[in-house]
J.: 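Take a look at the following structure, please.
As a basis for the values below, the full set of heavy atoms in this structure was taken, side chains included, without hydrogen atoms, waters or symmetry mates. Reminder, nothing fancy here: chain letters follow the sequence lines and each chain counts from 1. Fair warning: this is a prediction, and the values are worked out from it, not measured in the lab.
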Amino acid sequence: SSGINAEYGDPEKAVIETTVKGATGHGTPVDKVIEQAVTRVCEQVILTAAHPRTSFQVIVQIENDDGSILAVIMNALCLALMDAGVPMKGMFGAVSCVRKAEDQERHWDATGEEEQKADCQFVFVYNSEKEMIYSDYSGEFDIDQYMLVLQKGRQVAVDLWAFFREAFEKLLVKDVKYQMLLKSKP
Amino acid sequence: MVCFGDTRVIAGIKGRFAQPDIESPGEGFVVPNVTLPSLCNSKYRPGMPSDSAVAMSCRLAAVLSKVVDRTQLCVRPGKTAWCLYVDAVCLNDDGNVWDALLLATSAALKSAILPATLYSAETDVVAVDRDGKGTMLKLNYLPVSVTLSVFDGTTIPDPTEAEERIEEGSVTCCVDQKGTVRAVWSSGHLPDELISGTLKYAVTRADILCSILQKVTGD
């Protein structure tokens with residue numbers, strides 16, 4: 001889950017402060033790496049120049065980590081930003097993939113167990129123009145295969161956005177203000 | 001010590017005996033730590049390690065976990081093993097600290113010697129044998145990294161601090177001495193054509209860094 005509110009900050013653009021809290025109480029250094037990733041993605045997606053002297057506090061609380069945590073955090077971040085009505089350049093979606101050591105097969109959205117057995121791990125974040133805005137990869141791969149996974153990840157991201165849309169439509173059906181807005185439009 | 005322009009980083013390795021983990025009695029430990037003291041740049045305040053230092057330590061730990069085979073650090077299975085403290089200190093931060101610190105760490109690991117040890121059964125003490133011949137630390141591969149800043153459709157390698165402050169994004173590529181890409185992380189809007197070109201450039205630049213490293217540490 002993620003939460004956002006606005007305060008005072010930089011005179012030229014909005015500042016983004018991220019806090020990542022792990023599932024097990026005490027912070028670990030890995031949380032700092034995730035914080036940096038979240039801050040960088042936010043800086044690219046949020047219209048920071050439109051909000052000077054403002055700070056966006058992004059709080060990520062990991063409830064349970066069963067693999068693909070960075071991708072899940074990025075997707076939750078997108079939904080939280082949309083829900084908070086923060087002006088963004090566009091939506092973004094994160095996709096994660098691992099290549100298992102034993103069968104050399106690609107697995108999308110790996111579980112914790114699959115990640116442990118993997119020799120390669122990819123996370124790609126795409127913006128709404130389907131261009132990469134953040135990536136994290138470790139393992140032993142060559143450039144051509146990296147580009148291949150990047151391209152295939154785009155299709156997965158498109159499915160993800162279709163799911164976002166569905167989720168929001170279900171949410172808005174119950175929203176009285178939105179329904180009234182729809183009825184008032186000719 | 002590595003100097004990339006004005007950026008200076010020094011890395012060293014200290015070995016201490018430790019008791020191995022119960023779950024892995026035949027393995028030692030590699031504990032990396034990155035220090036970005038206030039002397040290297042005014043943006044770092046004294047006191048608690050900054051977020052960048054913690055994040056870099058974490059990334060370094062992830063890279064080194066695959067580089068050093070920890071079974072060679074075992075002295076007596078279940079009882080004593082080497083714990084290598086890999087310390088990297090930035091003496092001056094003029095941008096691109098990560099590349100400098102990984103190169104310094106690789107150089108330190110490549111020239112590290114595990115001292116010979118003596119075990120006395122009567123006193124149950126393991127000690128360093130100062131007259132004995134130590135063994136060189138064996139590395140799975142030698143990591144080297146190339147960082148580029150992304151600006152408006154082009155990439156600039158080895159950014160200075162001024163360039164880092166205004167960059168739109170950055171790409172860091174960790175490569176081994178054979179030219180195999182081991183890790184890539186990037187932020188910033190990167191069109192596809194730029195990505196593959198950047199990665200290929202990173203591999204050629206890493207090759208130059210590796211040859212310098214091997215020339216200095218002796219091969």
J.: Which bit of A:M132 comes within less than 4.5 Å of chain B, counting heavy atoms only: side chain, backbone, both or neither?
T.: both
J.: Does atom NZ (B:K138) have a neighbourhood of more than 12 heavy atoms from anything else shown, all under 6.0 Å?
T.: no
J.: Could you tell me which of A:A37, A:S135, A:S138 has the largest number of non-hydrogen atom pairs under 4.5 Å with chain B?
T.: A:S135
J.: Non-hydrogen atoms of chain B under 4.5 Å away: do they reach the side chain of A:E129, the backbone, both or neither?
T.: neither
J.: Distance-only check: which donor-acceptor pairs under 3.5 Å involve side-chain atoms of residues 52-64 of chain B, not counting sequence neighbours?
T.:
residue: B:S57; atom: OG; partner: B:V34; partner atom: N; Å: 3.0
residue: B:S57; atom: OG; partner: B:A53; partner atom: O; Å: 2.9
residue: B:R59; atom: NH1; partner: A:D136; partner atom: OD2; Å: 3.4

J.: For residues A:Y137 and B:V181, determine if any side-chain heavy atom of one lies less than 4.5 Å from a side-chain heavy atom of the other.
T.: yes
J.: In this structure, are over 12 heavy atoms from other groups packed under 6.0 Å from A:K89 atom NZ?
T.: yes
J.: Above 12 or not: heavy atoms from other molecules or residues under 6.0 Å from NZ of A:K100?
T.: yes
J.: Counting a contact as any heavy-atom pair under 4.5 Å apart, which residues of residues 192-212 of chain B contact chain A?
T.: B:D192, B:I195, B:S196, B:L199, B:K200, B:V203
J.: Output the option from B:V171, B:D51, B:T180 having the highest count of non-hydrogen pairs under 4.5 Å with chain A.
T.: B:D51
J.: Determine which residues belonging to residues 164-175 of chain A lie within contact range of chain B, meaning some heavy atom pair is under 4.5 Å apart, and list them by number or answer 'none'.
T.: none
J.: Among residues two or more places apart or on two chains, list those pairs meeting side chain to side chain donor-acceptor pair (under 3.5 Å) that have a residue in residues 33-51 of chain A.
T.: A:T18-A:T39, A:R40-B:S170, A:R40-B:S187
J.: Using a cut-off of 6.0 Å, state whether more than 12 heavy atoms not belonging to A:Q116 lie near its atom CD.
T.: no
J.: Counting heavy atoms not belonging to B:R8, are there more than 12 under 6.0 Å from its CZ?
T.: no
J.: Just wondering, more than 12 heavy atoms not from B:D152 lying within 6.0 Å of its CG?
T.: no
J.: Against chain B, label A:Y146 side chain, backbone, both or neither, depending on which of its atoms sit under 4.5 Å from a heavy atom there.
T.: side chain
